[in-house]
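Report on the following structure.
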Protein chains: 2
Amino acid sequence: MASRIVSFEKIKVACKNCTLATLCLPMGLTPDDVERLDAIVKRSRPLQKGDHVFRNGDPFHNLYVVKTGTVKTYTESPDGGEQVVGFHLPGEIIGLDAIQTDQHGCSARVLETSAICELPFDNLEDLASHIHSLQHQLFRLLSKEISRDTEMLSLLSKSTAEERLATFLLDLSKRHQQRGFAANEFFLSMSRQEIGSYLGLALETVSRLFTRLQEDGILRVERKHIEILDRDHLAVLAIKPAGSRANTCQASD
Amino acid sequence: MASRIVSFEKIKVACKNCTLATLCLPMGLTPDDVERLDAIVKRSRPLQKGDHVFRNGDPFHNLYVVKTGTVKTYTESPDGGEQVVGFHLPGEIIGLDAIQTDQHGCSARVLETSAICELPFDNLEDLASHIHSLQHQLFRLLSKEISRDTEMLSLLSKSTAEERLATFLLDLSKRHQQRGFAANEFFLSMSRQEIGSYLGLALETVSRLFTRLQEDGILRVERKHIEILDRDHLAVLAIKPAGSRANTCQASD
DNA sequence: CGTAGCTTTGAAGATTTTCAACCTTAGTGG
DNA sequence: CCACTAAGGTTGAAAATCTTCAAAGCTACG
């Protein structure tokens with residue numbers, strides 16, 4: 001009983017191997033459990049820019065953890081165009097939407113050379129039914145993804161182009177920071193077009209906004225390199241755009 | 001072993017009591033399991049139009065199953081406005097996004113007199129770690145919610161007002177049908193404003209679109225009563241709006 | 001019957017998209 | 001080493017869609 005809960009440090013070490021920080025950091029796992037979790041993780045070869053992690057329609061076997069690099073997930077329009085539905089940074093898990101159908105409902109492609117780990121879901125499920133805290137952690141993980149999507153949804157249905165881009169940049173910044181990178185300076189691994197697709201804007205609109213934010217002294221933009229100069233100002237734009245265009249209902253009571 | 005898997009019929013009967021068709025129908029549960037599942041469900045009193053199921057910030061204890069009626073979930077803007085993030089029909093489960101934070105991240109209010117069941121999540125989790133198929137079903141449930149959100153996200157970032165409304169109506173229609181109601185004729189329990197908020201459109205735009213779809217012979221609209229007259233045409237609008245405004249990327253390979 | 005709330009409709013205004021041209025960067029091959 | 005090309009990015013002007021503001025109509029409910 002005394003050593004039932006392993007220290008965070010030990011978990012971190014164990015997880016450094018499996019890149020499962022996301023999964024196992026906040027749990028109380030025994031060393032034994034960690035070992036078993038570690039045993040089911042497969043490290044895949046590094047993927048090159050443009051390679052697919054999985055494609056829409058592929059049978060579902062694994063969840064994937066982004067170890068390094070960036071992954072975009074997207075759906076295809078009937079006319080062959082891509083609709084970006086997410087960008088995924090190191091430590092994030094993708095493929096969660098496929099559990100339901102046993103088929104991947106979108107495609108995932110790496111935006112730069114990336115390392116991706118595989119998590120065979122059947123094994124994970126088995127393990128979860130033995131390790132209660134792992135089960136709980138998985139529920140939380142799925143729930144978190146739902147929260148993220150809901151937030152994004154709320155963003156897209158409410159806001160102006162400016163608010164969308166500001167929110168997008170702050171979100172990216174936060175995620176970089178959580179992963180131990182600089183909060184106010186980072187590289188965009190995606191193109192203006194991909195950002196536009198994700199935010200529901202034309203690529204020209206994205207470009208113009210970058211220019212404007214730079215003119216206003218809020219950002220420094222140099223192609224894909226972004227520096228946030230005035231974070232507070234950016235945060236204001238993210239909440240209330242210049243001319244507040246309100247699609248919200250006034251409370252009815 | 002012979003009677004390990006209970007028949008669908010028996011499950012249906014058991015579930016009629018607890019409105020858990022969504023949860024237990026596709027599973028292989030023993031009669032014993034069903035009983036245990038049934039035992040943790042609490043039937044709440046009927047809620048009146050405008051009552052809250054839960055509010056943003058409430059501590060998370062239960063998931064909720066809509067038994068009859070309609071529920072809207074929404075977040076509040078700083079300025080007091082409401083941003084609708086979902087409409088929920090009988091058989092659907094709400095509160096899934098709160099697992100992660102132990103707090104509800106949005107509010108839920110019924111749009112008409114509704115019956116809502118409570119599912120204490122702690123109990124559900126305990127049960128899931130004993131019943132493997134229940135665990136699996138819960139994972140699927142959460143995954144499905146993610147898929148739904150992703151689809152919605154894809155819709156909002158891509159499309160024109162017309163495409164959004166057409167998709168919205170087809171989605172509602174499908175969900176009505178799945179629940180055994182008429183597919184081409186139903187009542188909207190939400191206002192134009194709420195639809196607009198959900199779809200990211202001004203309420204006037206929604207109203208105008210209803211008028212136009214009626215003029216085109218695609219719908220019959222009479223306040224909240226909707227009849228779909230030309231489903232195929234509506235489906236075309238949902239995929240490719242009149243003047244295809246494309247925020248999609250052309251595939252780069 | 002009258003008021004309150006929702007819906008419809010019109011016209012003006014704003015934001016965003018589209019089309020088009022041009023610029024920049026990086027990579028390739030002569 | 002330089003010119004050339006392709007891809008991505010920027011910028012401008014016109015066009016379209018959607019929102020906003022305003023007013024009037026309809027329904028329901030007390």
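Every chain is numbered from 1 and lettered A, B, ... according to where its sequence line falls, protein lines coming before strand lines.
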task = List the steps, then state whether side-chain hydrogen bond (donor to acceptor under 3.5 Å, both in side chains) holds for B:E82 with B:S197.
result = CA-CA 8 Å; B:E82 287 182 8; B:S197 172; over 6 Å; no

query = Hey, are A:E92 and A:R179 close enough for a salt bridge, meaning a charged N less than 4.0 Å from a carboxylate O?
reply = yes

ask   = At how many degrees, to 10°, do the end axes of the helix from C:dC1-D:dG30 to C:dG30-D:dC1 meet when each uses five pairs?
value =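 The value is 30°.
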
Find the distance [X]:[atom1] to [N]:[atom2] and express it as a whole number of Å.
X: B:L188; N: C:dT7; atom1: CG; atom2: C1'; value: 13 Å
X: A:L237; N: C:dT15; atom1: CG; atom2: P; value: 14 Å
X: B:L219; N: C:dT8; atom1: CG; atom2: P; value: 12 Å
X: B:F187; N: D:dT27; atom1: CZ; atom2: C1'; value: 14 Å
X: A:E222; N: C:dT25; atom1: CD; atom2: C1'; value: 12 Å
X: B:E112; N: D:dA28; atom1: CD; atom2: P; value: 16 Å

ask   = Tell me, for nucleotides 9-15 of chain D in 5' to 3' order, what letter each nucleotide earns: B for a base near a protein heavy atom under 4.0 Å, S for only sugar-phosphate near one, - for neither?
value = SBBBB--

query = A:Y198 and A:F87: aromatic ring centres closer than 6.0 Å?
reply =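 Judged by ring-centre distance (under 6.0 Å), A:Y198 and A:F87 do meet the cut-off.
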
request  = Apply side-chain hydrogen bond (donor to acceptor under 3.5 Å, both in side chains) to A:E112 and A:T70, showing your working.
outcome  = CA-CA 6 Å; A:E112 56 195 323; A:T70 314; 2.5 Å; yes

ask   = Nearest 0.5 Å, what's the CG-CG distance between B:L170 and B:L165?
value = 9.5 Å

task = Describe, in one word, how the ring planes of B:F60 and B:H104 are oriented to each other, choosing from parallel (under 30°), tilted (30 to 60°) and perpendicular (over 60°).
result = perpendicular

ask   = Should the heavy atoms of other residues, nucleotides or ligands under 6.0 Å from NZ of B:K224 be counted, would the total exceed 12?
value = yes

key: B:Q100 and A:S147: side chain donor to acceptor below 3.5 Å   =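 Yes, because at least one side-chain N or O of B:Q100 sits under 3.5 Å from a partner of the opposite role on A:S147.
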
